[in-house]
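Here the structure is laid out as structure tokens; the discussion comes afterwards.
Numbering of ligands and ligand atoms starts at 1, following listing order.
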Amino acid sequence: MNQPAKKIIFSGMRPTGALHLGNYVGALRNWVRLQDAYDCYFCIVNWHALSSEYHDARAIRGFEFEVAVDWLSAGLDPERAVLFLQADVKEHAELHLILSMITPLPWVERIPTFKEQLVQLAEKDLNTYGFLGYPVLQAADIALYRADAVPVGEDQAAHIELAREIIRRFNRYYGDVFPEPRTLLTEVPRLAGTDGRKMSKSYGNAIELKDSAETVRAKIMPMVTDTRRKRRSDPGEPNDCPVFTLHKAFVPKDKQAEIAVGCRTAGIGCRDCKAVLLEHMVLDLQPIWEKRARFEQNPGLIRDILEAGSARARARALETMVQVRAALGF
Ligand code: TRP
Ligand code: SF4
């Protein structure tokens, strides 16, 4: 008997450096779980990286490899999911061009991340045509695979909403080619970094997925906790503690509840609380560390996996573009 076709998922990550636990908990760990229920396309979006890293384009190549190793170590499986590089499928560029023609300027100008990043990354000069079009390229990524759903963190929600609007407009002008993609939000609180601010590569406060157990310990033990707990006997509030954001991501719920009570009653000290966290982080991360060595030492294998992924991605992209050109009458 024919099985019903699985729904299609697309998501991407920019190759701008090694992935950190925020990327893992906010996206990657969720993608790993989705691999069985959906046909997944996971794309290393090197053209998107170029929009902010154009002054050092060559560095992107090294980061592509790092991201691929992070993905595979974390459990993305090339037998089940299609893992590939964006620039290996030129149709992303063709569809981006077409979608750019029907995207009203105010739609992209009003995207909050656009204005924020212009200011925050002022040293990079992001005042370019390509950077403004970043979310249009993202819409093209999604539409190219006729994706039904897009698993992302909350920070990307506005981009997926825009993609949906662009797709609707395309379908209205030219006929129903694309499904409207749903956002599959990863429901995880933002992780704090080692300095208590949001974990981010650009703040230099990240715990990386490839950090060893010793490095993770060395980063967590000195972290500031709820400032009310000056002494061991002072009660604290876990929801005001940056370390507890990591508990929420790695420690089972019942244990979290127990710790929260301990914190509020000064029944547990911060050192012991961090030790519990570390124990659970190691349980989660150990298999990833073990798999990593095999991939890291085998660039040929990574290249083969990405090439095979590109071929599968291209096949679907070509089908879509036949429909797109027919819809436009080109
Ligand atoms: N903009 C996304 C990010 O920075 C990456 C991305 C590119 C993406 N194309 C996508 C995510 C398509 C989801 C779907 O994280
Ligand atoms: Fe944070 Fe744990 Fe210390 Fe409470 S006991 S302040 S949750 S580290």
Side-chain angles (χ1 to χ4, degrees), residues 8-17 19 22-23 26-28 30-31 40-53 67 85-86 89 92 95-96 111 113-114 117 131 133-145 147 149-164 166-167 181-186 192 196 200-201 220-248 251 255-278:
I8 308 280
I9 270 189
F10 182 95
S11 201
M13 276 191 206
R14 289 179 310 138
T16 55
L19 300 185
N23 307 124
L28 191 48
N30 192 32
W31 297 4
C40 296
Y41 291 81
F42 295 127
C43 182
I44 300 177
V45 289
N46 42 12
W47 278 333
H48 276 106
L50 196 57
S51 73
S52 60
E53 312 302 311
V67 170
L85 296 171
Q86 186 183 36
V89 184
H92 287 259
L95 189 54
H96 170 243
I111 294 270
T113 44
F114 171 65
Q117 298 216 334
F131 190 71
Y134 181 110
V136 184
L137 179 56
Q138 188 164 345
D141 294 342
I142 296 164
L144 190 55
Y145 300 91
V150 186
V152 286
E154 206 182 350
D155 62 313
Q156 291 295 313
H159 285 172
I160 311 305
E161 181 53 40
L162 176 71
R164 225 179 347 261
I166 295 173
I167 282 170
R182 280 196 309 128
T183 309
L184 290 184
L185 265 197
T186 317
S200 158
K201 186 171 89 77
I220 289 194
M221 288 321 283
M223 268 181 79
V224 285
T225 61
D226 178 9
T227 47
R228 293 183 194 89
R229 300 210 67 182
K230 293 198 178 52
R231 279 174 297 263
R232 168 70 180 75
S233 54
D234 295 332
E237 174 48 53
N239 291 322
D240 296 333
C241 172
V243 179
F244 200 70
T245 63
L246 293 158
H247 286 78
K248 285 181 178 152
V251 175
K255 193 78 194 163
Q256 274 180 46
E258 192 186 315
I259 284 179
V261 172
C263 177
R264 292 184 181 118
T265 56
I268 186 172
C270 290
R271 283 192 66 82
D272 290 340
C273 182
K274 287 171 174 173
V276 173
L277 169 64
L278 281 164

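Counting only heavy atoms from C-beta outward, the side chains of L184 and W31 never approach each other to under 4.5 Å. Contact annotation: the side chain of V276 approaches that of K255 to within less than 4.5 Å [non-hydrogen atoms, C-beta and beyond]. Residues P181 and R164 meet the side-chain proximity criterion, which asks for heavy atoms closer than 4.5 Å. Residues M13 and C43 have side chains not in contact (no heavy-atom distance under 4.5 Å, counting atoms from C-beta outward). R271 places a side-chain heavy atom less than 4.5 Å from the side chain of M221. Taking 4.5 Å as the limit, every side-chain heavy atom of I44 sits out of range of all side-chain heavy atoms of Q86. For the pair V150 and I160, the minimum side-chain heavy-atom distance is below 4.5 Å. At a threshold of 4.5 Å between non-hydrogen side-chain atoms, the residues C263 and D226 do not count as touching.
Remark: ligand 1 atoms within the under-4.0 Å shell around heavy atoms of F10 are 12 (C), 14 (C). The ligand atoms of ligand 1 that sit less than 4.0 angstrom from a heavy atom of V152 are 13 (C). Listed by number with element, the atoms of ligand 2 under 4.0 Å from a non-hydrogen atom of D226 are 6 (S). Of all the atoms in ligand 1, the ones that sit under 4.0 Å from a non-hydrogen atom of H48 are 7 (C), 9 (N). Ligand-side atoms of ligand 1 in range of V45: 7 (C), 9 (N), range being under 4.0 angstrom from any heavy atom.
Given atom 3 (C) of ligand 1, the protein heavy atom at minimum distance is Q156 NE2, 3.3 Å. The nearest protein atom to atom 14 (C) of ligand 1, hydrogens excluded, is given as V150 CG1, 3.6 Å; this is a heavy-atom distance. When only non-hydrogen protein atoms are considered, atom 5 (C) of ligand 1 lies nearest to G12 O, 3.5 Å. Protein heavy atom closest to atom 1 (Fe) of ligand 2, with residue, atom name and distance, is C241 SG, 2.3 Å. Summary of contacts: the protein heavy atom closest to atom 4 (O) of ligand 1 is Y134 OH, 3.1 Å. In this structure, atom 8 (C) of ligand 1 lies nearest to the protein heavy atom Q138 NE2, 3.5 Å. Closest to atom 4 (Fe) of ligand 2 among all protein heavy atoms lies C263 SG, 2.3 Å. Remark: minimum distance from atom 8 (S) of ligand 2 to any protein heavy atom is reached at T225 CG2, 3.5 Å.
Contacts with ligand 1 closer than 4.0 Å are made by no heavy atom of D155, backbone or side chain. Counting heavy atoms closer than 4.0 Å to ligand 1, residue I142 contributes side-chain atoms (C-beta onward) but none from N, CA, C or O.
Shortest non-hydrogen contact noted between L19 and N23 is CA-OD1, 3.4 Å.
Atom 3 (Fe) of ligand 2 has C270 among its coordinating residues (N/O/S atom, backbone or side chain, under 2.8 Å).
Residue D141 holds the heavy atom nearest to atom 9 (N) of ligand 1 of all those in D141, I9, L144, T183.
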Working for salt bridge (charged side-chain N to carboxylate O under 4.0 Å, His left out), residues E237 and R264: CA-CA 6 Å; E237 174 48 53; R264 292 184 181 118; 2.9 Å; yes
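The aromatic rings of H92 and W47 stand perpendicular to each other, their planes meeting at an angle above 60°, with 30° marking the opposite boundary.
At least one heavy atom of R229 sits less than 4.0 Å from an atom of ligand 2. Using a non-hydrogen distance threshold of 4.0 Å, C273 registers as a contact of ligand 2.
Residues Q138 and H159 bring a donor and an acceptor atom of their side chains to less than 3.5 Å of each other.
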